[in-house]
Amino acid sequence: MKNNIEKKIKLLEDKYAQMGQDLNGYLDGLLLSNYLTYWDYTQLETLLTLQNPKTDFPDEVIFIIYHQITELYFKLSIHELDQICNNGLKILPNGKNEGWNKKLEVPFFIERINRINRYFEVLTKSFEIMIDGMEKEQFLRYRMALLPASGFQSAQYRMIEMYCTDFINLVDKEVRAKFKIKKTSIEELFNHIYWNKGATELSTGKKTLTLEQFEKKYFKKFIALANENKTKNIWQKYLSLSKTDQKNIKVINTLKQLDINININWPLVHYKSAVRYLQQNTEDISATGGTNWQRYLPPRFQKRIFYPQLWSNQEIEDWGKGWVENNVFKH
Ligand code: HEM
């Protein structure tokens, strides 16, 4: 035991000496410092101050908290995407940094993408909290106090897309084919990003305020990220694998599952909530900024597909169809 402690003290001395620091001072600090608590480590008290409804309708708290939960899962997804795209930094048990793991290895690739699959599966399943877990009457009233804010303005949702695929796949499908991919800048492609369609006023054809504010805040960040990821997004990482690894069925299925989770399953449960709250028999309730959400949100209209090369023409043709018929309209 004593021996062990001596060894550790020696290691600590070396660690601090490398930085020109004296271990003695740090040991004093250790003697004086308080024990770590759960509430400080998780910053729980701060976290629980972040739910500030705009109205007195009790269900608005559910709406805020569920959005926050979703953003945290988005953050976890980006945390993994960032490691795959930037060749994962390996930290050894001795705390030393092994440096960048230059060669992307298949088990790491599969395991990390599966983490994201798991996050989106949890989000898809838990979306019932939105669909069934709030009173429609309350929702329709408190949402008026939230205009023109919308989940549409979730930057992390768009960043996940920019990490997952070549930027061309995020261009509106009607114009996608006309661009010469290698010769067109990200800035130009951005003018035709698919989400413009979900943020155009039905009556005037103008960009909604929701979109204008979103672009004002994040345009530069998006352009920088998309440029940075041109050569190292998940699809490019897949192409950097050997030909044999690219044919590995586990790798292919993991990527296909990611495509289904992010571009079909989550958008569909989300759409289902819009149907529950905004669709009425006589007249549809307009979405944030008066957009045509019925023609925009369903995946079969957007046909946003990260890995079209992995799907057959028929599968692309049928993108998102069966699910809508089976689930949404039975509700
Ligand atoms: C009752 C619950 C919800 C309803 C009724 C709803 C409704 C809508 C509607 C109508 C749109 C179309 C754009 C607009 O007009 O604002 C939209 C977009 C969006 N919402 Fe929600 N939403 C709900 C919950 C959520 C939650 C919990 C999130 C999580 C962050 C979210 C994220 C998004 C995203 C990312 C978009 C853009 C989708 C795209 O561009 O394809 N929504 N939502």
Side-chain angles (χ1 to χ4, degrees), residues 51 57 59-78 119-120 122-144 146-162 164 169-173 193-203 206-215 218 222 261-280 284-306 319-320 328 331:
Q51 294 71 40
F57 292 102
D59 282 7
E60 192 193 337
V61 174
I62 306 173
F63 194 61
I64 297 182
I65 294 186
Y66 189 74
H67 276 82
Q68 292 179 334
I69 290 170
T70 306
E71 289 293 341
L72 288 175
Y73 274 107
F74 287 169
K75 184 168 181 180
L76 281 174
S77 302
I78 292 172
Y119 301 145
F120 269 82
V122 169
L123 286 176
T124 301
K125 175 79 189 68
S126 63
F127 216 87
E128 283 167 13
I129 293 171
M130 291 287 94
I131 301 168
D132 299 321
M134 297 182 294
E135 282 177 16
K136 186 169 172 178
E137 295 66 31
Q138 288 193 43
F139 175 84
L140 289 177
R141 304 223 15 226
Y142 69 71
R143 74 183 277 276
M144 302 319 286
L146 315 180
L147 300 177
S150 165
F152 181 94
Q153 295 173 320
S154 164
Q156 291 202 105
Y157 184 77
R158 314 300 184 185
M159 286 166 68
I160 289 174
E161 299 173 332
M162 291 175 201
C164 282
N169 294 324
L170 303 178
V171 165
D172 177 4
K173 69 174 194 312
I193 193 99
Y194 78 89
W195 70 65
N196 284 342
K197 270 208 175 142
T200 309
E201 279 171 22
L202 282 178
S203 50
K206 269 176 53 187
K207 278 184 185 182
T208 60
L209 182 57
T210 308
L211 175 60
E212 274 182 12
Q213 293 192 324
F214 185 48
E215 283 184 349
Y218 292 113
F222 286 160
N261 283 335
I262 301 185
N263 291 325
I264 300 182
N265 291 348
W266 189 87
L268 280 169
V269 282
H270 171 257
Y271 176 59
K272 203 168 161 183
S273 70
V275 171
R276 152 118 208 259
Y277 294 102
L278 306 177
Q279 189 151 291
Q280 286 186 334
D284 290 332
I285 299 160
S286 67
T288 326
T291 57
N292 189 347
W293 57 270
Q294 291 97 328
R295 297 292 301 170
Y296 168 69
L297 288 179
R300 71 199 154 116
F301 296 136
Q302 279 192 11
K303 283 230 162 82
R304 197 166 10 111
I305 304 178
F306 291 157
W319 196 251
V328 177
H331 193 79

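Whatever order the structure lists them in is the order used to number ligands and atoms, beginning at 1. Basis for what follows: all heavy atoms, side chains included, without hydrogens, waters or symmetry-related copies. Starting from 1, each residue takes its place in the sequence as its number.
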Evaluate Tyr66 against Phe127 for ring-ring contact (aromatic ring centres under 6.0 Å, His included), listing each step before the verdict. CA-CA 9 Å; Tyr66 189 74; Phe127 216 87; 5.5 Å; yes
One finds that the ligand 1 atoms under 4.0 Å from a non-hydrogen atom of Gly151 are 19 (C), 20 (N), 32 (C), 33 (C), 34 (C), 35 (C), 36 (C)
Let me confirm one number: the CG-NZ distance from Leu278 to Lys136, rounded to the nearest 0.5 Å. 8.0 Å
Examine Ser154 against ligand 1 and note whether any of their N/O atoms are separated by less than 3.5 Å. no
With sequence neighbours excluded, what pairs up with Lys303 under the salt bridge (charged side-chain N to carboxylate O under 4.0 Å, His left out) test? none
Taking the six-membered ring for Trp, are the ring centroids of Tyr73 and Trp266 within less than 6.0 Å of each other? no
Within ligand 1, which atoms have a heavy atom of Leu278 less than 4.0 Å away? 10 (C)
Test of understanding: given a 4.0 Å heavy-atom threshold, classify the contact between Arg158 and ligand 1 as side chain, backbone, both, or neither. side chain
Check if Arg304 has a non-hydrogen atom at a distance under 4.0 Å from any atom of ligand 1. yes
Flag the pair Trp195 / Tyr218 as yes when their ring centroid distance falls below 6.0 Å, and as no otherwise. no
Thr210 heavy atom under 4.0 Å from ligand 1: no
Say whether Tyr296, considering both its backbone and side-chain N or O atoms, lies within less than 3.5 Å of an N or O atom on ligand 1. yes
Would you say Trp266 contacts ligand 1, with heavy atoms under 4.0 Å as the rule? yes
So, regarding His270 and ligand 1 (criterion: nitrogen or oxygen to nitrogen or oxygen, under 3.5 Å), is there a contact or not? yes
Look only at interatomic distance and state if Trp293 has a nitrogen or oxygen under 3.5 Å from any nitrogen or oxygen of ligand 1. no
Atoms of ligand 1, numbered as shown, that sit under 4.0 Å from any heavy atom of Met134: 1 (C)
Rounding to 0.5 Å, atoms NZ (Lys206) and CG (Leu211) come to a distance of 12.0 Å
Please state which part of Arg276 comes within less than 4.0 Å of ligand 1, counting heavy atoms only: side chain, backbone, both or neither. neither
